[in-house]
There are 2 protein chains.
Amino acid sequence: MAVRTRQSQRRRQVLTRERIVETAVELLDTVGEGALTVRALTGRLATGPGAIYWHIGNMDELLEAATDAVVATALATQPAGRAEVTEAGAPQDEIRAVALGLFDAVTEHPWLATQLAVQLTRNPWGPVTLRIFESIGRPVRALGVPRGDWFATTSTLVHYILGATAQTSQSSGDGSETDRAEFLDTASRAWQDLDPDDYPFIRAIAGQMREHDDREQFRTGVDLVLTGITTLHPPTASRPPAPE
Amino acid sequence: MAVRTRQSQRRRQVLTRERIVETAVELLDTVGEGALTVRALTGRLATGPGAIYWHIGNMDELLEAATDAVVATALATQPAGRAEVTEAGAPQDEIRAVALGLFDAVTEHPWLATQLAVQLTRNPWGPVTLRIFESIGRPVRALGVPRGDWFATTSTLVHYILGATAQTSQSSGDGSETDRAEFLDTASRAWQDLDPDDYPFIRAIAGQMREHDDREQFRTGVDLVLTGITTLHPPTASRPPAPE
DNA sequence: ACCTGAACACCGTTCAAGT
DNA sequence: ACCTGAACACCGTTCAAGT
């Protein structure tokens with residue numbers, strides 16, 4: 001009987017902000033975007049709305065926290081977050097790795113595509129964007145880009161990456177191979193039926209569209225931007241790792 | 001008797017899909033995103049929800065139509081939608097013009113930033129995306145990019161453009177100069193206070209961030225991608241406009 | 001300090017009924 | 001064919017009350 005008061009917090013499990021964010025990610029992953037409601041949350045966590053709002057300010061804040069959590073893990077999974085540059089081609093590889101890390105995260109968590117875009121527009125310099133800028137900016141610096149161009153160059157890369165991941169097609173279905181093939185086939189056919197006067201270009205690329213691989217095309221895009229960077233800023237031997 | 005049925009449509013003004021879309025754009029422009037509700041619409045149009053739903057399928061469809069309408073005008077305002085290529089540098093200029101046209105449209109209609117991003121993710125090959133691809137794809141073709149690379153090259157440009165316009169800062173206030181300066185100042189200061197171990201790069205560019213001009217940086221970004229394209233596909237004299 | 005749960009003010013959407 | 005307007009099923013968020 002004396003135990004009662006002290007132990008009152010043992011409950012089934014303490015409700016923390018972290019646990020709420022975790023559950024939010026779970027809901028988004030399993031039931032999908034739009035299934036993340038305060039009521040769904042209270043159901044899974046066996047509490048009331050008041051409990052949720054004690055830990056988080058509002059729904060937008062929760063969405064941001066969920067996005068940031070997933071992005072953080074995606075970027076941490078990268079080969080080496082803060083590794084020293086050892087060989088000449090390393091910065092490019094690091095940029096490719098970060099980019100693909102984000103791309104794959106979007107594939108794993110389809111809701112992330114929308115959320116990354118929403119964060120970028122509604123919260124341009126929030127934690128999510130900042131984290132991504134930092135991850136891309138470091139290798140950009142290591143690339144030998146002059147200091148005055150760090151910001152613009154990094155922005156270009158980040159904007160491309162986020163634009164591209166935003167479109168990564170979530171072809172309605174369960175994401176199977178056949179689903180995707182069917183989707184591309186229907187789209188490609190629709191493109192060929194467009195008005196030749198209004199959409200000559202789209203009609204012309206309908207074939208390429210059916211054959212294309214999103215991830216491969218994304219790599220190509222990253223490399224295209226990298227080519228632009230190294231063309232504008234040829235790696236002169238002006239940086240430390242230049243002896244020998 | 002014969003006239004009656006004909007004239008029945010005079011009412012105070014006929015409710016059409018177009019008029020609904022126009023009103024939606026007005027609401028978005030004046031009161032802002034999130035003020036576009038079916039009830040606000042019925043108020044302005046002096047009808048009931050049923051009337052709205054007779055003309056449009058649902059809210060998402062209306063948002064898409066509103067976005068498409070604004071994008072269409074923005075792209076039509078371009079110097080010459082389907083002009084012949086007369087001089088060598090023209091395709092690049094056309095790409096810059098389309099890009100800036102979209103950028104300026106986002107500045108004029110802040111809600112467009114979110115909607116472009118949302119359309120790209122939720123409706124990757126809907127009318128909005130298609131229109132933008134067509135506008136960028138034509139000059140890409142004129143640039144002399146080999147046929148097999150049309151799709152990937154155009155995608156890269158479009159993804160950069162949409163990623164960049166997505167972030168175009170809508171600094172909460174009314175968009176005045178002082179508002180913006182204040183916003184950049186606060187952000188810049190916040191960046192300098194970040195943990196040096198976690199965010200060395202962000203801290204290093206805090207200064208550039210305060211000074212930067214969104215539109216100018218956007219131009220730089222477009223040119224960077226263009227440099228990548230022309231480096232990978234040097235304009236050989238393989239296309240018609242090559243004499244002299 | 002942390003949680004409960006009823007209540008509030010709002011949504012988008014439907015649908016029988018009218019003209 | 002086109003429109004009315006009440007009604008439905010849902011939201012996010014608040015807040016007095018409990019422990």
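Every value quoted in this text rests on a predicted model; they were computed, and no experiment measured them. Each chain gets a letter, A, B and so on, in the order its sequence line appears, and its residues count up from 1.
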C:dG12 P sits how many Å from B:Y53 OH, rounded? 6 Å

Short side-chain N/O contact from B:H55 to OP1 or OP2 of D:dC3, under 4.0 Å: yes

Just by modelled atom types, is the A:M209 backbone N or O under 3.5 Å from a matching donor or acceptor in the A:H212 side chain? yes

Does A:W125 offer a backbone N or O that forms a donor-acceptor pair with the side chain of A:T129 under 3.5 Å? no

Donor-acceptor under 3.5 Å (B:S188 side chain, B:G207 main chain): no

Spacing between B:L63 atom CG and C:dC11 atom C1', to the nearest angstrom: 14 Å

To the nearest Å, give me how far apart CD1 (A:I56) and C1' (D:dT13) are. 10 Å

On DNA chain D, compare the nucleotides closest to B:I52 and A:L36; which residue's is nearer the 5' end? B:I52

Complement of C:dC8, any strand, by Watson-Crick or G-U distances under 3.5 angstrom: D:dG12

D:dC3 C1' sits how many Å from B:L45 CG, rounded? 13 Å

On DNA chain C, nearest-nucleotide positions of A:P49 versus B:T37: which is more 5'? A:P49

Given 3.5 Å as the limit, does a donor-acceptor pair link the side chain of A:E61 with the main chain of A:I56, or not? no

Looking at the side chain of A:V14, which of C:dG12, C:dC3, D:dC2 is the nearest nucleotide? C:dC3

From C-beta outward on B:L15, which listed nucleotide comes closest to its side chain: D:dC3, C:dG12, C:dC3? D:dC3

Round to a whole Å and report the spacing from CG of B:L41 to C1' of D:dT4. 16 Å

Could you name each residue pair satisfying side chain to side chain donor-acceptor pair (under 3.5 Å) that touches residues 38-60 of chain B, not counting sequence neighbours? B:E26-B:R44

Between B:R39 and B:T16, just flag the one whose closest nucleotide in DNA chain D comes earlier from the 5' side. B:T16

Nearest to side-chain heavy atoms of B:A51, which nucleotide of D:dT4, C:dT13, C:dT4: D:dT4

Which of D:dC2, C:dC3, D:dT4 is nearest the side chain of B:W54? It is D:dC2

Separation of A:M59 atom CE from D:dT14 atom C1', in whole Å? 16 Å

Identify the nucleotide, in any strand shown, that forms a Watson-Crick or G-U wobble pair with D:dA1, with both distances under 3.5 Å; if there is none, say none. C:dT19

